[in-house]
Peer 1: 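This is the structure I have questions about; it appears just below.
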Amino acid sequence: MVRLRQYKSSDAVKIAEWVKDKDAFLKWGGELFGEFPISAETIDEKYRLNNGDCKEPDNFYPWIAFDENGVFGHFIMRYLHGDNKILRFGWVVVDDSIRGKGYGTQMLQVGLKYAFEILGVDVVTIGVFENNELAHKCYKKVGFIDKEIVSKQPWNVIEMEIKKEDWATSCFHVIEI
């Protein structure tokens, strides 16, 4: 069973290992961390000391996904524009040795359940680069829908969202945590 726990400094080593090439680094959003290759120290400093670059205090929540076999994924949550009813997921990464086996989908399903049922948000958003088809398919699989394409460099971003009422009436939320 997939579960989530809060990020710990020691998790930065695993996250850095999962972002192993420049393409994965850029698709993950690594340019916000500086230059490739990324180090565990850089990740941990951004998370612990810089609040994930969030200006608002208490607005950055990094998560680690794990199951009976250990840690396998990571993503963050943050509120948008000081609104505690709109949550953004980001910096999603899964151990590439198990990619394509449904772990990312399960991780995000548990994240959505937490967002809607525990945090009480109305909408969860996420962005994905147009050239990241695997992530885009994963996000659609858990119920996110495309809202707009934003021109950015190095690639355009597909902005996606899922509303609580759509999630609640879908089969996507029928999971145990």
Side-chain angles (χ1 to χ4, degrees), residues 2-80 87-112 114-115 124-142 144 146 149-160:
V2 172
R3 293 178 288 177
L4 297 178
R5 66 163 170 77
Q6 291 180 332
Y7 163 89
K8 300 184 287 191
S9 291
S10 59
D11 296 319
V13 172
K14 280 286 187 198
I15 296 167
E17 288 174 6
W18 298 332
V19 184
K20 47 176 83 170
D21 61 49
K22 191 165 188 172
D23 187 57
F25 174 76
L26 291 172
K27 287 178 181 174
W28 178 61
E31 75 281 354
L32 298 171
F33 288 84
E35 297 293 318
F36 180 79
I38 192 164
S39 70
E41 293 78 19
T42 299
I43 294 168
D44 194 50
E45 182 176 300
K46 182 172 287 289
Y47 286 11
R48 280 187 321 100
L49 303 179
N50 296 320
N51 196 39
D53 293 339
C54 291
K55 290 182 174 78
E56 304 92 356
D58 191 30
N59 188 32
F60 180 73
Y61 311 99
W63 296 97
I64 295 295
F66 66 101
D67 65 8
E68 60 279 353
N69 296 314
V71 169
F72 68 80
H74 163 69
F75 70 105
I76 64 106
M77 296 178 185
R78 64 183 172 88
Y79 291 108
L80 288 183
L87 194 69
R88 179 130 178 123
F89 285 7
W91 294 335
V92 179
V93 65
V94 173
D95 181 345
D96 64 338
S97 71
I98 59 165
R99 214 170 274 150
K101 297 181 179 177
Y103 285 91
T105 300
Q106 292 177 59
M107 174 178 74
L108 294 175
Q109 286 172 330
V110 174
L112 287 170
Y114 184 84
V124 177
T125 68
I126 196 166
V128 62
F129 289 118
E130 277 185 311
N131 66 342
N132 194 346
E133 293 177 37
L134 288 175
H136 190 220
K137 285 180 185 176
C138 175
Y139 303 161
K140 282 183 166 186
K141 196 173 188 179
V142 298
F144 284 97
D146 296 353
I149 297 177
V150 179
S151 295
K152 293 242 180 164
Q153 291 297 325
W155 308 297
N156 292 338
V157 175
I158 302 168
E159 288 295 332
M160 305 177 78

Peer 1: Please round to the nearest 0.5 Å and tell me the distance separating atom CG of Asp53 and atom NZ of Lys46.
Peer 2: 3.0 Å
Peer 1: Just to verify, what does Phe66 make a ring pair (Phe, Tyr, Trp, His ring centres under 6.0 Å) with, not counting sequence neighbours?
Peer 2: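 Scan of Phe66 (ring pair (Phe, Tyr, Trp, His ring centres under 6.0 Å), adjacent residues dropped) gives none.
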Peer 1: Considering all heavy atoms of both residues, which atom of Phe36 and which atom of Val19 are nearest to each other, and what is their separation?
Peer 2: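 Smallest interatomic distance, heavy atoms only, reads CE1-O, 3.7 Å.
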Peer 1: Which residue pairs satisfy the salt bridge (charged side-chain N to carboxylate O under 4.0 Å, His left out) criterion with at least one member in residues 65-79, sequence neighbours excluded?
Peer 2: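 As it turns out, there is no salt bridge (charged side-chain N to carboxylate O under 4.0 Å, His left out) pair with a partner in residues 65-79 once direct neighbours are skipped.
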Peer 1: To the nearest 0.5 angstrom, please state how far the OG atom of Ser9 sits from the CD1 atom of Ile43.
Peer 2: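 These two atoms lie 11.0 Å from each other.
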Peer 1: With the side chain counted from C-beta on, respond yes when Gln106 and Val110 share a heavy-atom pair under 4.5 Å apart, and no when they do not.
Peer 2: no
Peer 1: Could you check whether any side-chain heavy atom of Leu108 comes within less than 4.5 Å of a side-chain heavy atom of Lys141, counting everything from C-beta outward?
Peer 2: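 The answer is no, as the side chains (C-beta and beyond) never meet within the 4.5 Å cut-off.
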Peer 1: Run the ring pair (Phe, Tyr, Trp, His ring centres under 6.0 Å) test against Tyr47 and tell me which residues pass, sequence neighbours left out.
Peer 2: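 Tyr47 satisfies ring pair (Phe, Tyr, Trp, His ring centres under 6.0 Å) with Tyr7, Phe60, His74, Trp91 only.
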Peer 1: Only counting residues at least two apart or in another chain, list the ones meeting side chain to side chain donor-acceptor pair (under 3.5 Å) with Lys20.
Peer 2: Asp96
Peer 1: Does the side chain to side chain contact (heavy atoms under 4.5 Å, CB included) test come out yes or no for Gln109 and Thr105, once each step is laid out?
Peer 2: CA-CA 6 Å; Gln109 286 172 330; Thr105 300; 4.0 Å; yes
Peer 1: Apply ring pair (Phe, Tyr, Trp, His ring centres under 6.0 Å) to Phe72 and list each qualifying residue two or more places apart in sequence or on a separate chain.
Peer 2: Tyr103
Peer 1: Is there a side chain to side chain contact (heavy atoms under 4.5 Å, CB included) between Trp63 and Tyr114? Walk through the geometry before answering.
Peer 2: CA-CA 11 Å; Trp63 296 97; Tyr114 184 84; 3.7 Å; yes
Peer 1: Would you name the heavy atoms of Ile38 and Phe25 that are closest together and state the gap between them?
Peer 2: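 Taking Ile38 first and Phe25 second, the nearest heavy atoms are CB-CE1, 3.9 Å.
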Peer 1: Using the test side chain to side chain donor-acceptor pair (under 3.5 Å), find all partners of Glu56 that sit at least two apart in sequence or belong to another chain.
Peer 2: Asn59
Peer 1: What distance do Leu49 atom CG and Asp44 atom CG have between them, rounded to the nearest 0.5 Å?
Peer 2: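 Answer for the CG-CG pair, Leu49 versus Asp44, is 7.0 Å.
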Peer 1: Could you tell me which residues satisfy side chain to side chain donor-acceptor pair (under 3.5 Å) with Asp21, sequence neighbours excluded, listed by chain and number?
Peer 2: none
Peer 1: For the residue pair Val128 and Ala135, what are the closest heavy atoms and their distance?
Peer 2: CG2-CB, 3.8 Å
Peer 1: Out of curiosity, Trp155 CH2 to Gln153 CD, how far, rounded to the nearest 0.5 Å?
Peer 2: 10.5 Å
Peer 1: Which residues pass the side chain to side chain contact (heavy atoms under 4.5 Å, CB included) test with Asp58, sequence neighbours left out?
Peer 2: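 Result, side chain to side chain contact (heavy atoms under 4.5 Å, CB included) vs Asp58: Tyr61.
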Peer 1: I'd like to know whether Asn132 forms a side chain to side chain contact (heavy atoms under 4.5 Å, CB included) with Ile158, so could you lay out the CA-CA distance, the side-chain angles of the two residues, the decisive distance to 0.1 Å, and finally the verdict.
Peer 2: CA-CA 10 Å; Asn132 194 346; Ile158 302 168; over 6 Å; no
Peer 1: Please report the closest heavy-atom contact between Ala115 and Leu87, naming both atoms and the distance.
Peer 2: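 Nearest pair, atom of Ala115 first, then Leu87: CB-CD2, 3.6 Å.
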Peer 1: Can you name the nearest heavy-atom pair linking Val94 to Gly104, along with the distance?
Peer 2: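 For Val94 versus Gly104, the nearest heavy atoms are CG2-CA, 3.7 Å.
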Peer 1: With salt bridge (charged side-chain N to carboxylate O under 4.0 Å, His left out) as the rule and sequence neighbours excluded, what pairs involving residues 126-135 come up?
Peer 2: none
Peer 1: Would you call His136 and Asp146 a side-chain contact if the rule is heavy atoms closer than 4.5 Å?
Peer 2: yes
Peer 1: Mind checking what makes side chain to side chain donor-acceptor pair (under 3.5 Å) contact with Arg88, not counting sequence neighbours?
Peer 2: Thr125, Glu159
Peer 1: Just verifying a value: how many Å separate Met107 CE and Ile64 CD1, rounded to the nearest 0.5 Å?
Peer 2: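 If I round to the nearest 0.5 Å, the distance is 9.0 Å.
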Peer 1: Just do the side chain to side chain contact (heavy atoms under 4.5 Å, CB included) check on Lys14 and Asp95 with the steps written out, would you?
Peer 2: CA-CA 8 Å; Lys14 280 286 187 198; Asp95 181 345; 5.7 Å; no
Peer 1: With sequence neighbours left out, which residue pairs that include part of residues 24-36 fulfil the side-chain hydrogen bond (donor to acceptor under 3.5 Å, both in side chains) condition?
Peer 2: Asp23-Lys27
Peer 1: Under the side chain to side chain contact (heavy atoms under 4.5 Å, CB included) rule, collect the residues that match up with Ser10, sequence neighbours excluded.
Peer 2: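 Listed in chain order: Lys8.
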Peer 1: Taking all non-hydrogen atoms of both residues into account, name the closest pair between Thr42 and Phe33 and its distance.
Peer 2: CG2-O, 3.5 Å
